[in-house]
Amino acid sequence: MAYFSRFLVPLLLLASLSSFCSSNPIQDTFHQCLSLNTDSLTQLSNIFFTPNNTAFTPVLNSTAQNLRCIASYAAKPELIFTPLHETHIQTAVICAKKLGIQLRFRSGGHDYEGTSYTSVMDLPYVVIDLAKLRRIDVDIEDGSVWVEAGATVGEVYYRVAEKSKIHGIPAGLCTSLGVGGHITGGAYGSMMRKYGLGADNALDAKIIDANGRILDRKAMGEDVFWAIRGGGGGSFGVIVSWKLKLVPVPETVTVFNVQRTLEQGATKILYKWQQVADKLDDNLFIRVLIQNSNVPNTTQRTVSTAYNALFLGDVNTLQEIMKENFQELGLTKDACFEMSWLESVLFIAGYPRTVPTTVLLAGKPAFLNYFKAKSDFVTKPIPVEGLEGIWKRFLEEERPMMIWNPYGGMMARIPESSIPFPHRNGIVFKIQYINSWMNPEKEVMNKHVDWIRKLHNYMTQYVSMFPRQAYVNYRDLDLGMNDKNGDDTSFVKASSWGTKYFKDNFNRLVKIKTEFDPDNFFKHEQSIPVLPLKSKSQRFKHVKKGKRGGKVIHH
């Protein structure tokens, strides 16, 4: 509680606010509170942005990857605060709690529904953008790396490879992801079948709770540390940094990207892929990108399937595995490329081979568009007639896309309850649906969103059931939402999306949330709810040990 004494000053504000004349009380009172509790007042002019500031829109848009979430019809924050160090975040949390202001926290902006920087709830809100917190400390001897929340996955990969050619990080395929939020949802990538998720390989973390305290793994306790590794961002506190495990990678890996259209037998090949993708060597990851394309030298449209792969080994061994298990693809040696693991990161992400690895330090996405996404998990191969139904629907739309990611390997060996991310044994592959467009009109958005909803509805018969599982890092507000007025949502209502994202782990997440953040300070459209079983006075009194020995932090 040593931090708390220096934050008592905001109490004095409340007495003077009634006489403070302001056109925007949220901006002014928050600024005053920050001013009273920030060591360097001059810093505030460079890290505090209101809509009247010319830098407001560029800062808001800086890491927003879904243009739909920053369109003219999307809600905007009252202000944006870009802290330079942990104490700034502590101050912001305590001021916001004291003044009753809702906060949103953004580390990278990949957030599919923009819940870290926009809102469809009725409450005014403030965005705390962590993009300036991007320190990376690689420790090869310890086999770990500490990463601040605002650093991107690409930056981490680059800094690790800078220190060692035989170490890597099992995290995301998209290099512009902010690490802070990425790990909170699970963080899958091209080494997931070998090493599991980024969250499976998280060793420690620093989180700021609703009282403004910085807690590491020991201080937060094992229950909370369990919850933040896959339980989704924005429910328990502000992730300041992660300590991630380094994993061994070969000096030379092999990649390929092989396309097959409907005319080249894509349906039959994809049906075979479904039967082998989760059973291949753990070192081999083959995902499939499905899009519309033109038949060469014609105006006729077709569907193209691209097999995008990483093999943690040499080309000859890869050839043997493919001939034995997936010869239908017809992979040739000259379609394969040997390279360093870092170079493979760019290849898998779709960069041309001429692009230098230093592009990873830019921390920017390769492209921006308006999009809506959904997800599914598949437990048995989709039959040929099911695939043909997908193609029919694809050819009716402009720019649809599906990405099929294989499971199996290490993913099938980690228990469902190991962390909140439950999609493990029995999952053959995950589907990501994306429909994108470039027209900003709301009517255009509605048309394309309607199409992806219909495709998702068609797929019901072919995917997991009871529950129909979904991936929390592909947030989908169609699955359900917390109450728009910001009141606490019932456990039953929240279960509509909670069980899809977390299965039985949702119950434990709710219990931990109720103990760790009883006032439900950290909330958004799909945050973990609190149980209403205890009165607030009772909530403040519990002091007990967690099941696994870690202390649960209380007010």
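Keep in mind that the numbers below use all heavy atoms, side chains included, and drop hydrogens, waters and symmetry copies. Nothing here was measured: the structure is a model prediction, and the numbers come from that model.
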Practice task
Decide, yes or no, whether a salt bridge links Arg68 with Glu113 under the criterion of side-chain N to carboxylate O below 4.0 Å.
Solution key: yes

Practice task
List in chain and number order the residues that pass side chain to side chain contact (heavy atoms under 4.5 Å, CB included) with Pro529, two or more places apart in sequence or in another chain; answer none if no residue qualifies.
Solution key: Ala494, Phe506, Val510

Practice task
Quick one: sort the Tyr407 and Phe377 rings into parallel, tilted or perpendicular, breaks at 30° and 60°.
Solution key: perpendicular

Practice task
Ignoring hydrogens and angles, state whether a donor on the side chain of Asn482 or Ser527 is under 3.5 Å from an acceptor on the partner side chain.
Solution key: yes

Practice task
Check side chain to side chain contact (heavy atoms under 4.5 Å, CB included) between Lys206 and all other residues, then give those that pass, not counting sequence neighbours.
Solution key: Glu86, Trp146, Ile214, Val240, Ser241

Practice task
Examine the side chains of Tyr501 and Gln526 and answer whether a donor and an acceptor come within less than 3.5 Å of each other.
Solution key: yes

Problem - Counterpart residues, side chain to side chain contact (heavy atoms under 4.5 Å, CB included), relative to Asn507 (two or more places apart) - result: Phe491

Problem - Test salt bridge (charged side-chain N to carboxylate O under 4.0 Å, His left out) applied to Glu78 - qualifying residues, sequence neighbours left out - result: none

Practice task
If the plane angle is over 60° it's perpendicular, under 30° parallel, otherwise tilted; pick one for Trp437 and Tyr370.
Solution key: parallel

Practice task
Considering only NZ, NE, NH1 and NH2 on the basic side and carboxylate oxygens on the acidic side, decide whether Arg104 and Glu525 come within less than 4.0 Å.
Solution key: yes

Handout entry: Lys484 atom NZ: more than 12 heavy-atom contacts under 6.0 Å
Key = no

Completion exercise
ring-ring contact (aromatic ring centres under 6.0 Å, His included) filter on Tyr433, not counting sequence neighbours, yields His456

Practice task
Sorted by first residue and then second, give each salt bridge (charged side-chain N to carboxylate O under 4.0 Å, His left out) pair with at least one member in residues 116-129; sequence neighbours left out.
Solution key: Arg106-Asp129

Exercise for the section: For the residue pair Tyr112 and Phe371, categorise the inter-ring angle as parallel (less than 30°), tilted (30 to 60°) or perpendicular (more than 60°). Expected result: perpendicular

Practice task
Decide whether Glu155 and Thr152 meet the rule of one side-chain donor and one side-chain acceptor closer than 3.5 Å.
Solution key: yes

Handout entry: Qualifying residues under salt bridge (charged side-chain N to carboxylate O under 4.0 Å, His left out), relative to Asp137, sequence neighbours excluded
Key = Arg135

Exercise for the section: Please list, chain by chain and in numerical order, all residues satisfying side chain to side chain contact (heavy atoms under 4.5 Å, CB included) with Thr118, sequence neighbours excluded. Expected result: Cys69, Ala74, Ala75, Tyr125

Problem - Exceeds 12 heavy-atom contacts within 6.0 angstrom, atom CZ of Phe466 - result: no

Practice task
List in chain and number order the residues that pass side chain to side chain donor-acceptor pair (under 3.5 Å) with Lys430, two or more places apart in sequence or in another chain; answer none if no residue qualifies.
Solution key: none

Please tabulate, for the side chains in residues 396-405, all donor-acceptor contacts under 3.5 angstrom to protein atoms that are two or more places apart in sequence or on a different chain.
residue, atom, partner, partner atom, Å
Glu397, OE2, His448, ND1, 2.6
Asn405, ND2, Tyr188, OH, 3.4

Exercise for the section: Mind running side chain to side chain contact (heavy atoms under 4.5 Å, CB included) on Phe394 and Ile290 for me, showing each step along the way? Expected result: CA-CA 9 Å; Phe394 255 54; Ile290 305 169; 3.9 Å; yes

Completion exercise
Sorted by chain and residue number, the salt bridge (charged side-chain N to carboxylate O under 4.0 Å, His left out) partners of Lys454 (sequence neighbours excluded) come out as Asp450

Problem - Pair Asp200 + Arg229: basic N to acidic O under 4.0 Å - result: no

Problem - Tyr458: ring-ring contact (aromatic ring centres under 6.0 Å, His included) partners, not counting sequence neighbours - result: Tyr462

